[in-house]
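As structure tokens, the structure follows; a few thoughts come after it.
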Protein chains: 2
Amino acid sequence: MAKRADILERFGKRVRELRSDAGYSQEGFAAHAGLDRTYQGGVERGQRNIALRNVEKIAKGLKISVAELFDGV
Amino acid sequence: MAKRADILERFGKRVRELRSDAGYSQEGFAAHAGLDRTYQGGVERGQRNIALRNVEKIAKGLKISVAELFDGV
DNA sequence: TTGTGACTTTTAGTCCGTC
DNA sequence: GGACGGACTAAAAGTCACA
């Protein structure tokens, strides 16, 4: 599958920025958002083709909209 | 799993609007975006928890950014 | 032109761990 | 605090025939 991971990488990078700006560790944020800690790490590394429901969990965990989460992605 | 399908439904509705505003049928758009006709239909009906790579296909098919696609969702 | 159920294959997503 | 691996289960991807 995996052609170029760009959208996943850009998304992961964006999540990492927002998550760390919010003062969370990966593990802390994952617990907060209701995700697995290894999954969160994989998303931030651009290795996970995350589905919409989990995108929403991240947006909610960051207290922003999904559109904002994709801003610049 | 499935709590309320809202994000999927709202996303599907948004896709349907944009797709039909762009003058495409489901079938025509699906072919254009590289998806199956019935898959596209399922997305628009909020029945598919679509992952990021396919979200991107739809955004590209509509010639907008993913952030724009989620605008108002 | 779209909805829908059913189906197989692939991958998302969880959970254990180590470095 | 984060990267990464293995093994597993749940669910997404993708396709079909029929309404």
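Chain A is the first sequence line, chain B the second, and so forth, proteins listed ahead of strands; every chain is numbered from 1.
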Original post:
Does B:Arg48 get its side chain close enough to the base of D:dG14, under 3.5 Å, for a donor-acceptor pair?
Top reply: yes
**OP:** Could you please name the option among C:dT1, C:dA12, D:dA13 that lies closest to any side-chain atom of B:Glu27?
**Re:** C:dT1
Original post:
Whole Å only: how far is the CD atom of B:Gln47 from the C1' atom of C:dG3?
Top reply: 8 Å
**OP:** Send over the distance from A:Gln40 CD to D:dC4 P, rounded to a whole Å.
**Re:** 15 Å
Identify all side-chain donor-acceptor contacts of residues 26-33 of chain B below 3.5 Å with residues at least two apart in sequence or on another chain.
from, atom 1, to, atom 2, distance (Å)
B:Gln26, NE2, B:Glu44, OE1, 3.2
B:His32, NE2, B:Tyr24, OH, 3.3
B:His32, NE2, B:Gly61, O, 3.1

Original post:
B:Arg45 CZ to C:dT1 C1': how many Å, rounded?
Top reply: 12 Å
Original post:
Any sub-3.5 Å donor-acceptor pair from B:Arg14's side-chain atoms to B:Leu69's backbone N or O?
Top reply: yes
Original post:
Hey, what do you get for CD (A:Gln47) to CD (A:Glu9), rounding to the nearest 0.5 Å?
Top reply: 9.0 Å
Original post:
CG of A:Leu8 versus P of D:dA12: gap in Å, rounded?
Top reply: 16 Å
Subject >> Heavy-atom check, side chain of B:Gln40 versus side chain of B:Arg37, under 4.5 Å >> reply: no
**OP:** Would you kindly compare B:Ala51 and B:Ser25 by the position of their nearest DNA chain C nucleotide and give the one closer to the 5′ end?
**Re:** B:Ser25
**OP:** Can you figure out which of C:dG3, D:dG14, D:dG2 approaches the side chain of B:Arg16 most closely?
**Re:** C:dG3
Original post:
For B:Arg19 and B:Arg16, what are the C-alpha separation, side-chain angles and deciding distance, and is it a side-chain contact (heavy atoms from CB on, under 4.5 Å)?
Top reply: CA-CA 5 Å; B:Arg19 187 261 305 159; B:Arg16 188 181 302 246; 3.7 Å; yes
Original post:
Taking the side chain as C-beta and beyond, is there a heavy-atom pair between B:Leu52 and A:Phe70 under 4.5 Å?
Top reply: yes
**OP:** Provide, to the nearest angstrom, the distance between the CD atom belonging to A:Glu56 and the P atom belonging to D:dA12.
**Re:** 14 Å
Subject >> A:Leu18 side chain reached by A:Glu68 side chain, heavy atoms, under 4.5 Å >> reply: no
Original post:
Is B:Lys60 paired with B:Glu56 through a side-chain N to carboxylate O contact shorter than 4.0 Å?
Top reply: yes
**OP:** Could you please spell out the steps behind the side-chain contact (heavy atoms from CB on, under 4.5 Å) verdict for A:Leu35 and A:Lys57?
**Re:** CA-CA 8 Å; A:Leu35 299 168; A:Lys57 281 189 190 176; 3.8 Å; yes
Are any protein N/O atoms closer than 3.5 Å to N/O atoms in nucleotides 16-19 of chain D? If there are, list each pair with its distance.
from, atom 1, to, atom 2, distance (Å)
D:dC16, N4, B:Thr38, OG1, 2.9

Original post:
Distance-only, no hydrogens or angles: does the B:Asn49 side chain make a donor-acceptor pair with backbone N or O of A:Arg53 under 3.5 Å?
Top reply: yes
**OP:** Can you tell me the distance, in whole Å, between the CD1 atom of B:Ile58 and the P atom of D:dG14?
**Re:** 11 Å
**OP:** Would you indicate what A:Leu35 reaches in the nucleic acid, counting non-hydrogen atoms under 4.0 angstrom: base, sugar-phosphate, or nothing?
**Re:** nothing
Original post:
Does OP1 or OP2 of D:dG14 have a side-chain N or O of B:Arg53 closer than 4.0 Å?
Top reply: no
Original post:
Taking atom P of D:dA11 as reference, at what distance in whole Å does atom CG of B:Asn49 sit?
Top reply: 10 Å
**OP:** Return the stems involving DNA chain D, sorted by first number, where pairs are Watson-Crick (N1-N3 with N6-O4 or O6-N4) or G-U wobble (N1-O2 and O6-N3), both under 3.5 Å, and runs are 3 or more long.
**Re:** C:2-19 with D:2-19
Original post:
Where the side chain of B:Asn54 is concerned, which of D:dA3, D:dA12, D:dG14 is the nearest nucleotide?
Top reply: D:dG14
Original post:
Between A:Leu52 (CG) and D:dA12 (C1'), how many Å, whole number?
Top reply: 12 Å
